[in-house]
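Since the structure comes first, as structure tokens, the remarks are kept for the end.
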Amino acid sequence: MTSLPAPSATKLGLVIDLDTCVGCHACAVACKEWNDGGDFGPLPDTDAYGKHPIGVWFNRIHSFEVQAQDSQPAMTVNFPRSCLHCETPDCVTVCPTGASYKRAEDGIVLVDADKCIGCKLCSWACPYGAREYSEQRGVMQKCTLCVDRIYNESFDPVDRQPACVMACPTRARHFGDLGDPDSAVSQLVAARGGVDLLPELGYRPVNKYLPPRPRRAGTPCGTPKAASAEAVDPAALSPLLRWVDKLLSR
Amino acid sequence: MKEPRLKLHEPVGDSVKTTTCYMCACRCGIKVHLKNGQVRYIQGNPDHPVNRGVICAKGSAGIMQHYSPARLTKPLLRVGERGSGEFREIEWEEALALATRWLSDIRARNPDELAFFTGRDQSQALTGWWAQQYGTINYAAHGGFCSVNMAAAGMYTLGGSFWEFGEPDWDRTRYLMMFGVAEDHDSNPIKLGLAKLKASGAKVLAINPVRTGYAAIADEWLGIRPGSDGLFVGALIQEMLIHDWVDFDYLIRYTNAHYLIVQNPGAADDGLFARDGEGNVLCWSRGAAVSDPVATGTSPLAKEDAGLMRADAIDISPLVVGRYTLPDGRTAVPAFQLFAERFLDARYRADTVAKETGIDAATIRRIAAEIADVAFRQEIRLPVRWTDAWGREHAEMIGRPISLHAMRGIAAHSNGFHTCRMLHTLQMLLGAIDTPGSFRYQPPYPKGVPPANRPGKFRKPDGTLDAGPLGYVHGPEDLLVDSAGKPRRIDKAFSWEHPLAVHGMLQSVIANAVAGDPTRIDTLFLFMANMGWNSAMNTQGTRRMLCERDPISNEYRIPHIIYADAYASEMVEFADLVLPDTTYLERHDCISLLDRPISDADCASDAIRQPVCAPDRDVRPFQDVLLDIGTRLGLPGCLREDGGPRYPRGYAQYMVEHERAPGVGLLAGWRGRDGQREGTGEPNPAQLDRYIEHGCYWHAAVPESARFYKMANRNYLEWARGLGFVGSTAPIVIELYSERLQRFRLAAQGHGAVQPPDSERERVARFFDPLPFWYRDLQDDDSDAQRYPIAAITQRPMFMYHAWGSQNAWLRQIAARNFLYLHPDTAAALGLADDDMAWLESSNGRIRVPVRLHSGTEPGTVWTWNAIGKAKGAWKLAPDAPESQKGFLLNPLISEFLKRSGNGDRYANADPVTGQAAWFDLRVRIEKADDGENQEHDA
Amino acid sequence: MHPALSVIFFTTLSGAGYGLLFLFGVGIASGLWPQLPYEVIMPMTIGFCLVSLGLTASLSHLGQAQRAWRAFSQWRTSWLSREGVASVVSFLPVFALAWLYFTPQIGGRSPLAQRVLGALLVLCCVVTVYCTARIYSSLKTIRAWHNVFVAPGYLLLAVYSGGLWLWALAAWYYRNAASGLDRLGLPPLLLGAILLAALLATVLKLAYWRMVDHDQGPSVASATGLTGEVRAFEAPHTEENYITREMGFVVARRHAGRLRIVAMVAAFLLPPTCIVLAVLFPALTWLLAPLALLVGSLGIFVERWLFFAEARHVVTLYYGAQRA
Ligand SMILES: Nc1nc2c(c(=O)[nH]1)N[C@H]1C(S)=C(S)[C@@H](COP(=O)(O)OP(=O)(O)OC[C@H]3O[C@@H](n4cnc5c(=O)[nH]c(N)nc54)[C@H](O)[C@@H]3O)O[C@H]1N2
Ligand SMILES: Nc1nc2c(c(=O)[nH]1)N[C@H]1C(S)=C(S)[C@@H](COP(=O)(O)OP(=O)(O)OC[C@H]3O[C@@H](n4cnc5c(=O)[nH]c(N)nc54)[C@H](O)[C@@H]3O)O[C@H]1N2
Ligand code: SF4
Ligand code: SF4
Ligand code: SF4
Ligand code: SF4
Ligand code: SF4
Ligand SMILES: [Mo]
């Protein structure tokens with residue numbers, strides 16, 4: 001139902017680390033594969049081998065560049081984009097049918113394909129482009145936070161995670177309860193200063209993005225000591241002569 | 001209204017099978033979930049040593065590859081003109097009979113008229129063996145156009161290599177220098193490793209003209225000018241030398257830095273090691289010297305008790321500099337002195353190289369200081385007892401937590417071999433080879449420098465080759481040249497033109513065969529190499545050559561082309577006979593330690609593929625087909641003593657029963673009748689079952705005391721010998737100075753039994769330098785440098801594998817076309833803006849491309865994603881698909897030859913030492929194209 | 001935003017329909033007119049048809065039209081749902097009035113009931129058009145819509161276009177009226193009201209454009225959480241996807257500028273000119289009034305096309321826009 005449920009204690013979501021994302025698209029394709037064959041699928045593709053291939057994806061990987069700033073050369077930043085399972089999302093409230101809803105128990109935002117009339121209004125209401133309409137199915141589709149994985153008792157516990165999180169080879173995606181300040185994800189967000197996207201719109205995203213760490217020129221432990229300490233003036237004494245007296249042991 | 005009830009506990013499918021992914025050469029473990037016989041979901045295998053459960057975009061999209069409409073469905077026989085794509089579907093019996101007829105005629109006549117080359121294969125253990133059985137010297141895999149520079153430089157320097165035979169110590173390194181890596185074969189392991197470095201706070205330094213992917217997340221990025229890494233590294237080396245940032249003890253223990261080199265210009269022994277009567281290499285040493293010198297010599301420098309010693313002796317204190325007079329009066333200097341003299345030269349001063357590399361001197365000096373700091377001030381000491389190769393106990397393992405990794409950014413240049421060797425020498429100075437925190441060998445490496453096996457040269461009475469066609473050339477006498485010193489192989493590998501072409505030169509085969517230089521061939525038998533497109537240099541020219549006829553006989557210049565592919569690739573069009581392969585989910589495969597292993601530094605591993613579903617088309621696994629043809633041809637190895645077929649059950653049987661040497665087979669796991677033995681042992685009939693029970697892989701952990709200093713660690717060497725990786729437990733000496741290269745130079749200077757023809761002397765003498773050095777790409781002589789000032793390179797997209805990805809309904813949605821990326825300043829200078837069209841011109845051709853701006857690109861460089869462009873109609877894509885209408889390759893601009901040189905020779909556009917294709921030497925000029933012009937590739 | 005014809009027709013046609021029914025209702029409620037059956041039947045059916053056409057157009061925009069009934073359920077939060085409910089409700093007074101007028105023997109003429117229903121109809125029309133406007137103006141994601149100008153604009157344009165329809169009708173009835181002035185069809189007061197509506201609409205639209213052209217929306221930095229000068233490098237797909245098709249559409253500034261002029265002239269300048277001309281040459285009214293309706297509707301169509309085509313959705317920040 002379209003009215004938002006009372007805020008849940010549990011706020012399941014993703015934390016995405018822009019510092020380590022290499023932009024490999026693994027998460028996007030794993031997502032497509034999991035959901036295409038799953039209960040929320042299919043994620044249809046049109047003209048799959050033709051001139052205008054276009055299909056439904058729940059997760060898309062952008063790449064941005066931050067222009068050179070003072071000492072820093074230009075940065076390339078990869079940027080995965082999927083549903084942020086916002087706390088106060090208009091994508092739910094604008095829905096005339098109640099097909100778009102936010103789960104009371106964990107805050108996951110879903111579309112009920114059996115109710116959706118395909119009016120597309122929710123996709124207009126989403127600032128993050130997280131909803132993709134399927135011409136073939138005539139309904140709106142979106143990230144399910146892998147609700148059919150994370151609780152799935154037919155899985156080994158290790159597999160009860162979103163497909164994208166399990167796929168990510170740089171471990172740049174983290175899944176957990178952002179409602180619990182002690183959860184690993186909340187701790188990570190606190191430690192790394194995770195941010196909301198487009199906070200000014202007031203959708204209060206649950207997913208958080210960890211900004212890239214400042215790129216370093218210098219060693220992990222600041223400026224090298226070696227330089228100063230062992231510096232020897234080559235002009236003064238040719239290294240070749242210097243080394244004659246080296247007592248080495250083999 | 002109530003929330004809908006969701007099905008939250010649906011099982012993935014009704015069954016799951018493990019196997020090994022083959023959407024790329026990384027070969028991760030996967031679990032394939034099946035639902036009523038159909039593939040439902042492919043998941044990374046969490047237990048697998050390669051990928052630890054993660055899976056990349058290609059791997060997940062494997063499901064779409066498996067159901068690709070471009071899959072071949074039946075053997076095809078060409079009916080129309082070659083290249084017209086007109087085929088008749090035929091039955092397997094007819095196809096195999098035809099192939100057998102062609103091949104048996106050749107074998108009776110001259111087996112070398114068969115050129116058998118394989119591309120992306122992982123079955124070289126089989127295909128190489130088959131070629132040897134057939135008796136042709138003209139066999140190779142794809143390494144020649146891939147990264148042989150890395151392999152050769154590594155194997156001829158330290159018995160391992162950056163390319164698949166080694167990796168950074170991801171758990172301990174504090175500083176990683178990545179030279180020219182966009183993706184690499186270890187796709188997932190590298191990403192997992194980078195994640196570890198991010199977690200540990202280690203510094204990642206990317207040296208790369210382009211900042212994307214790995215370089216994007218690097219802490220620091222140096223946008224180097226393509227081809228100039230040798231200067232940058234040389235300058236780092238000079239800094240190390242100037243400041244004494246050198247691990248001398250490491251050098252004299254594990255390398256040949258202290259070996260005495262005879263200085264005798266013009267003589268046959270110039271530049272060779274000084275040896276004693278028994279041929280032991282000598283050094284000049286203090287300490288024990290007087291007590292028992294091998295001989296007494298004199299030296300201006302070493303007044304005190306010092307003298308000649310066997311260089312491999314222990315508990316001595318050799319000198320690494322000085323000029324010494326040998327008993328016979330010849331002078332000799334330690335290898336290190338020659339090395340130091342070269343790199344202390346002004347040529348390699350930071351200030352000198354700044355301009356050519358595009359990296360300013362201050363930065364070079366800072367980087368040098370940083371890595372020295374990490375190596376020597378942040379030294380690691382692991383409290384692990386180990387015994388060195390000489391039997392001495394050590395209480396701990398000293399680690400230099402600085403790692404280097406390099407790939408095709410170094411390899412794909414004509415100066416790649418020496419640049420890569422230079423990288424290895426920097427590692428030596430830092431004492432950072434196979435120590436905790438540094439670059440580490442992956443078993444079965446390290447091996448001898450180089451390994452013992454030489455390329456086969458002669459046919460035995462039974463028609464088989466005396467050894468596998470590929471191997472390591474140890475000296476001029478091992479080359480495959482005729483009495484006149486001319487190349488014997490169709491690709492000119494192992495000739496004076498490219499003596500150390502240890503992986504062959506697939507990129508030269510077609511042009512050479514068509515030109516009949518050095519010889520003609522009858523049949524080109526290709527497996528899994530898209531030579532009609534993205535793996536060919538001068539693509540358009542190559543496509544023409546494949547169809548070229550002899551004006552007199554009107555026969556095709558390459559009379560027969562047999563091609564085994566699984567999909568409707570560009571190459572299929574040019575085949576006379578097409579043998580359709582299965583997909584990777586429909587066959588047995590073997591990822592063998594005899595081939596390109598998947599081991600990591602802590603454990604030796606191999607793996608298999610098992611069929612997870614049956615083909616729904618009339619296709620056969622190529623390996624089965626190859627064995628079948630071998631049997632029909634009556635190749636010795638394919639028959640039993642009684643003449644019956646040796647492997648009637650095909651490759652699955654071969655994987656288990658075939659033995660290279662007694663007890664040595666393709667798979668190392670569960671050997672011996674009872675399956676109790678590892679590495680070596682009798683074939684075990686139940687071996688494949690064991691693998692399948694174990695997730696289709698086997699791995700043996702390296703004992704803790706054997707994990708570092710593998711080249712001189714008795715614990716390791718004994719373990720490795722036990723598994724059959726090394727023949728003896730003698731230490732493997734890392735070669736700062738390569739006497740082997742010097743032997744080729746001496747030959748070129750007129751010494752020794754086997755010498756190059758006069759036309760080759762100068763070139764061989766120049767490039768066979770026993771010490772690494774930098775030279776400018778062979779591509780641009782100065783006239784060109786002015787007309788074509790901009791370097792043009794490609795990168796691997798992480799989500800596509802060469803040609804294959806575009807047939808994939810999902811992957812092509814990510815990129816169905818590519819753009820030429822250039823720096824905003826460069827674009828501004830050329831009056832180009834986002835999405836403008838531009839003409840890209842090289843000495844080989846001209847193409848029209850759309851441009852996009854990217855600030856993370858070195859201003860003197862332009863680049864694009866590799867192999868996105870496709871030929872119209874290939875891969876079963878619609879004729880108006882963006883891949884063929886908008887996408888493009890740089891290949892048409894890349895010539896397969898260098899300009900004719902003074903001696904009239906037309907050398908391959910490749911590294912003069914290894915024959916590595918010099919893809920990234922490409923230089924171009926760019927002009928804005930007015931929108932009117934229609935897109936054509938007039939290359 | 002992609003200017004989907006279905007939606008443009010929906011808003012313009014139903015707008016005009018409700019405008020006409022609104023004026024009709026006012027007439028009845030105030031008891032001024034209509035008196036004669038054909039004065040009733042024409043505006044009522046035309047209004048009804050315009051509204052129905054609009055609604056059908058909007059249905060064609062749906063992926064699962066057969067489930068459209070579900071759209072009535074979420075009136076608590078969804079303006080689209082409210083619009084649906086309101087539009088259906090507003091049919092009731094129309095039907096009731098028809099019943100009263102055309103079944104004298106049963107319903108019988110009951111001035112009071114008629115006036116009450118007329119008032120109800122007026123209310124329904126206002127509410128429905130307001131709901132329609134709010135569907136758009138409630139979207140925080142589209143700065144060009146999420147502002148105070150939108151709702152008044154929709155209401156104003158509704159009565160205005162309704163007015164043009166009414167005038168065209170009236171002019172038709174009175175085309176051969178005896179006195180010249182009668183041929184104007186509508187009393188000066190009403191014509192004046194139309195002129196006034198045109199004037200107000202013009203002012204409102206200009207103010208609206210001023211606003212959208214001037215203040216700035218969120219930045220790409222805010223959309224990515226990155227600091228510094230951020231620029232889109234590579235998109236997740238080289239070809240189109242639903243998002244870029246539906247929300248990536250933004251008409252070129254130059255082009256928009258020209259269309260704005262077309263819209264203003266056609267919608268708000270020419271029809272009033274026709275009215276003035278008609279006052280000067282009443283005999284030509286039969287020609288001028290339909291002309292006014294025609295160009296007016298055209299202008300409003302263009303205005304509505306721009307309303308979508310000029311609207312930049314924040315999601316474009318992920319696809320190259322610097323600000324949205
Ligand atoms: N400009 C430029 N050109 C390059 C490079 C570059 O960096 N820049 N890189 C070079 C390098 S390093 C390489 S390795 C080459 C790669 O080029 P290739 O070795 O040609 O690799 P692909 O084109 O990916 O694959 C070759 C063929 O394998 C087929 N294939 C796929 N799966 C199977 C299977 O299961 N069975 C069989 N039988 N066939 C199969 C595919 O259909 C394809 O036709 O490209 C080279 N070309
Ligand atoms: N996803 C995916 N993975 C693959 C493949 C694939 O096609 N797709 N192909 C596989 C194969 S066959 C191979 S060989 C490997 C190759 O893996 P890589 O070694 O990563 O090969 P490239 O993608 O060619 O990347 C070359 C890199 O070197 C940089 N470079 C170019 N010239 C120079 C230079 O002069 N100096 C420096 N420092 N850098 C330079 C380029 O910008 C680029 O980043 O990848 C393997 N893995
Ligand atoms: S990201 Fe978009 S779709 Fe997801 S909850 Fe927020 S507003 Fe709704
Ligand atoms: S498209 Fe479906 S989910 Fe979205 S608002 Fe319309 S009915 Fe609701
Ligand atoms: S959570 Fe599941 S549905 Fe959402 S992006 Fe990840 S994989 Fe896709
Ligand atoms: S899988 Fe991980 S690294 Fe790759 S794009 Fe997704 S988040 Fe980034
Ligand atoms: S890296 Fe290669 S082998 Fe591993 S999952 Fe991806 S495609 Fe498969
Ligand atoms: Mo390669």
Side-chain angles (χ1 to χ4, degrees), chain A residues 1 19-20 22-26 29-30 32-34 37 39 45 48-51 53 55 65 67-68 73-74 76-78 98 101 103 112 147-148 151-154 158 166-171 215-220 224-227 230-232 234 239-240 243-244 246-250, chain B residues 1 4 7-9 11 40-41 54-57 60-61 63 174 188 191-192 194-195 198 201-203 211-214 216-217 219-221 241-244 248-249 252-253 301 314 316-318 320-322 369-370 372-374 377 798-799 809-810 812-814 816 855-856 877-878 880-881:
Chain A
M1 70 311 319
D19 188 58
T20 50
V22 291
C24 67
H25 294 259
V29 180
K32 176 114 172 150
E33 187 193 18
W34 172 255
D39 235 33
D45 301 307
Y49 303 97
K51 184 176 187 181
E65 57 182 41
Q67 303 308 324
T76 308
V77 181
N78 302 296
Y101 70 103
R103 280 161 54 95
D112 178 351
V147 66
D148 52 352
Y151 297 112
N152 198 318
E153 279 155 17
S154 75
V158 294
M166 294 190 68
C168 177
T170 63
R171 313 281 191 203
R215 301 310 193 211
R216 291 169 302 184
T219 54
K225 288 177 253 63
E230 286 165 29
V232 258
L240 289 171
W243 294 326
V244 176
K246 275 219 179 292
L247 190 56
L248 309 170
S249 75
R250 181 183 142 83
Chain B
M1 224 187 311
K7 301 215 213 81
L8 297 182
H9 307 289
R40 152 67 176 99
Y41 185 60
V54 304
I55 186 164
C56 82
S60 291
I63 185 171
R174 304 283 306 138
N188 280 332
K191 294 182 184 71
L192 286 163
L194 288 171
K198 283 288 181 177
K203 175 171 180 173
R211 189 175 208 177
T212 55
Y214 304 156
I217 67 165
D219 295 281
E220 186 173 2
W221 169 64
L241 295 174
I242 289 174
H243 297 96
D244 268 11
F248 284 101
D249 287 323
I252 59 166
R253 279 185 199 146
L301 284 169
I314 56 169
I316 59 171
S317 52
V320 290
V321 289
E370 283 181 23
D373 181 72
V374 173
R377 296 301 186 90
M798 289 182 176
F799 52 86
W810 294 347
R812 72 183 291 256
Q813 285 182 55
I814 300 172
S855 309
L877 295 177
D880 57 359

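Here is how names work: the chains are called A, B, and so on, in the same order as the sequence lines, proteins then strands, and each is numbered from 1.
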Seminar exercise, completed: From the list N188(B), D249(B), V320(B), the residue making the most non-hydrogen contacts under 4.5 Å with chain A is D249(B)

For this session: Find the one option among G856(B), A61(B), G213(B) whose heavy-atom pairs under 4.5 Å with chain A are most numerous.
Result: G213(B)

With a 4.5 Å cut-off on heavy-atom pairs, point out which of [options] contacts chain B the most.
options: S154(A), S249(A), G23(A); result: S249(A)
options: G50(A), A30(A), P53(A), A48(A); result: G50(A)
options: A68(A), P169(A), C168(A); result: P169(A)
options: N78(A), D148(A), V158(A); result: D148(A)

Under 4.5 Å from a heavy atom of chain B, the part of [X] involved:
X: E33(A); value: both
X: D19(A); value: both
X: Q67(A); value: side chain
X: C24(A); value: both

Ignoring hydrogens, what is the shortest heavy-atom contact between [X] and [Y]? Give both atom names and the distance.
X: K198(B); Y: I217(B); value: NZ-O, 2.6 Å
X: S855(B); Y: E65(A); value: OG-OE2, 2.7 Å
X: W243(A); Y: L241(B); value: CZ2-O, 3.4 Å
X: P318(B); Y: R250(A); value: CD-CB, 4.1 Å

Note: [X]-[Y] ion pair, threshold 4.0 Å (strictly below):
X: E370(B); Y: K203(B); value: yes
X: D45(A); Y: K32(A); value: yes
X: K7(B); Y: D39(A); value: yes

For this session: Identify which part of I814(B) has an atom lying under 4.5 Å from any heavy atom of chain A, answering side chain, backbone, both or neither.
Result: side chain

Exercise. So, do I55(B) and S60(B) sit near enough that their side-chain heavy atoms are less than 4.5 Å apart?
Worked result: yes

